[in-house]
Amino acid sequence: MTSFRDKLRTGKPLIGLWQALANNYAAEICARQGFDWLLLDAEHSPNTIQTLLAQAQAIAPFPVETIVRVAFGEPVVFKQYLDLGLHSLLVPMVESAEQAADLVRYCRFPPRGIRGVSSATSRGADFGVDADYLHNADQHITLIVQIESRAGLENVAEIAAVDGVDALFIGPSDLAASLGHLGDPLHPEVTAAVDQALAVIKAAGKPAGIFAVSPQHARDSFAKGFAFASVGTDIGLLISGARAVLADVRGG
Ligand SMILES: O=C(O)C(=O)C[C@H](O)[C@@H](O)CO
């Protein structure tokens with residue numbers, strides 16, 4: 001199985017979709033459409049361990065990576081998600097190298113980290129059938145940290161240099177808010193800050209991702225060198241599809 005961090009280094013732009021409906025049926029439908037990755041959001045969507053598991057199971061038969069955004073980076077959540085086989089984690093609001101280094105330790109078994117040990121009862125370890133899991137778990141894990149504040153921007157070089165941080169992901173909406181431009185993620189000052197962060201991340205040899213706010217924003221981001229970008233949300237697609245068909249019939 002190729003880990004997401006290896007896929008991020010192939011040079012192919014990886015297109016993702018945000019799953020905010022917190023629903024396994026919606027996740028399966030989106031998994032069938034050919035995206036490179038789907039993001040299950042446990043930060044801003046009404047997800048529980050059970051809804052995340054149901055979505056992961058619905059996506060599993062399809063060739064699409066499942067990434068989960070934790071609500072915040074803390075060891076118990078990492079342990080539970082990794083045990084479930086949710087091996088690609090996105091952590092919001094990472095603002096320092098120390099915080100990033102802690103997140104790396106949450107992913108690793110002792111002596112390199114503090115992840116609690118389980119294999120026979122863990123989906124992530126193939127329920128114990130993967131006899132080498134305890135020794136090769138790291139190979140499956142992709143840790144992505146989100147840069148979305150002024151403090152994160154200021155420390156992006158140090159964060160990118162942390163061994164075990166596999167990729168950095170820009171959240172333009174929170175970044176805009178932090179820079180004094182709430183609701184305007186494409187404000188020139190925000191775009192300039194994003195471009196600067198991208199240059200630093202690339203110089204560190206790490207792949208960069210972004211939450212694109214439109215298809216054009218996604219195309220521009222890939223052209224600038226982002227390795228992965230989300231291009232919308234399941235909720236957004238439902239709203240735009242519903243409105244379009246209604247307007248089509250009403251307006252006709
Ligand atoms: O700051 C951002 O941009 C993000 O982190 C993405 C958001 O959480 C959000 O817009 C998803 O709907």
Side-chain angles (χ1 to χ4, degrees), residues 1-47 51-70 81 84-90 123-124 126 139-144 146 166-173 185 194 198 201 206-248:
M1 186 183 72
T2 313
S3 69
F4 190 58
R5 69 167 184 249
D6 290 335
K7 291 182 195 161
L8 282 170
R9 293 183 175 278
T10 60
K12 179 190 168 216
L14 299 179
I15 303 173
L17 187 73
W18 227 249
Q19 300 297 132
L21 285 168
N23 180 274
N24 50 311
Y25 223 48
E28 181 184 338
I29 292 167
C30 294
R32 291 173 177 271
Q33 307 312 320
F35 289 98
D36 297 302
W37 54 279
L38 299 176
L39 184 295
L40 310 182
D41 192 5
E43 184 193 15
H44 283 301
S45 299
N47 269 306
T51 62
L52 292 171
L53 173 60
Q55 289 170 90
Q57 289 173 321
I59 296 169
F62 304 99
V64 51
E65 184 72 21
T66 302
I67 304 175
V68 178
R69 179 163 70 172
V70 301
Y81 287 14
L84 283 183
L86 302 170
H87 281 134
S88 295
L89 300 177
L90 174 66
R123 181 172 180 266
D126 207 4
Q139 293 167 19
H140 303 286
I141 295 170
T142 300
L143 175 63
I144 309 166
Q146 206 170 345
D166 297 306
L168 291 84
F169 189 89
I170 307 290
S173 296
V194 170
L198 174 63
I201 296 166
K206 299 273 167 89
I210 189 163
F211 184 97
V213 298
S214 68
Q216 185 61 51
H217 186 209
R219 282 192 292 274
D220 292 346
S221 301
F222 284 131
K224 286 177 180 176
F226 277 95
F228 61 126
S230 57
V231 295
T233 70
D234 53 2
I235 290 180
L237 296 179
L238 188 57
I239 292 174
S240 57
R243 288 185 169 184
V245 72
L246 189 60
D248 193 6

When you compare the side chain of [Y] with that of [X], does any pair of heavy atoms fall below 4.5 Å?
| X | Y | answer |
| --- | --- | --- |
| Q19 | N47 | no |
| W18 | R69 | yes |
| S3 | Q139 | no |
| L38 | T66 | no |
| L8 | W37 | no |
| P13 | F226 | no |
| K224 | L198 | yes |

Between [X] (side chain only) and [Y] (backbone N and O only), is there a donor and an acceptor less than 3.5 Å apart?
| X | Y | value |
| --- | --- | --- |
| D166 | L143 | yes |
| T142 | R5 | yes |
| S45 | A20 | yes |
| D36 | I15 | yes |

Quick one: pull up [atom1] in [X] and [atom2] in [Y] and give me the separation to the nearest 0.5 Å.
| X | Y | atom1 | atom2 | value |
| --- | --- | --- | --- | --- |
| L40 | I59 | CG | CD1 | 4.5 Å |
| I141 | L89 | CD1 | CG | 7.5 Å |
| F222 | H217 | CZ | NE2 | 11.0 Å |
| L39 | F169 | CG | CZ | 6.5 Å |
| C30 | L17 | SG | CG | 5.0 Å |
| H87 | I67 | NE2 | CD1 | 14.0 Å |

### Task
Could you give me the CA-CA distance, side-chain angles and deciding distance for V68 and Q55, then say whether side-chain contact (heavy atoms from CB on, under 4.5 Å) is met?
CA-CA 10 Å; V68 178; Q55 289 170 90; over 6 Å; no
What pair of heavy atoms forms the shortest contact from [X] to [Y], and how long is it?
| X | Y | result |
| --- | --- | --- |
| F4 | S88 | CB-OG, 3.6 Å |
| P207 | R9 | CD-NH2, 3.7 Å |
| A242 | V245 | O-CG1, 3.3 Å |
| T51 | A22 | CB-O, 4.1 Å |

### Message
Going by the rule side chain to side chain donor-acceptor pair (under 3.5 Å), which residues pair with R32 if we only count those two or more places apart in sequence or in a different chain?
### Response
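In terms of side chain to side chain donor-acceptor pair (under 3.5 Å), with neighbours along the sequence ignored, R32 is linked to E28.
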### Task
Please name all residues satisfying side chain to side chain donor-acceptor pair (under 3.5 Å) with N23, sequence neighbours left out, ordered by chain then number.
none
#### Entry: D234: salt bridge (charged side-chain N to carboxylate O under 4.0 Å, His left out) partners, not counting sequence neighbours
none
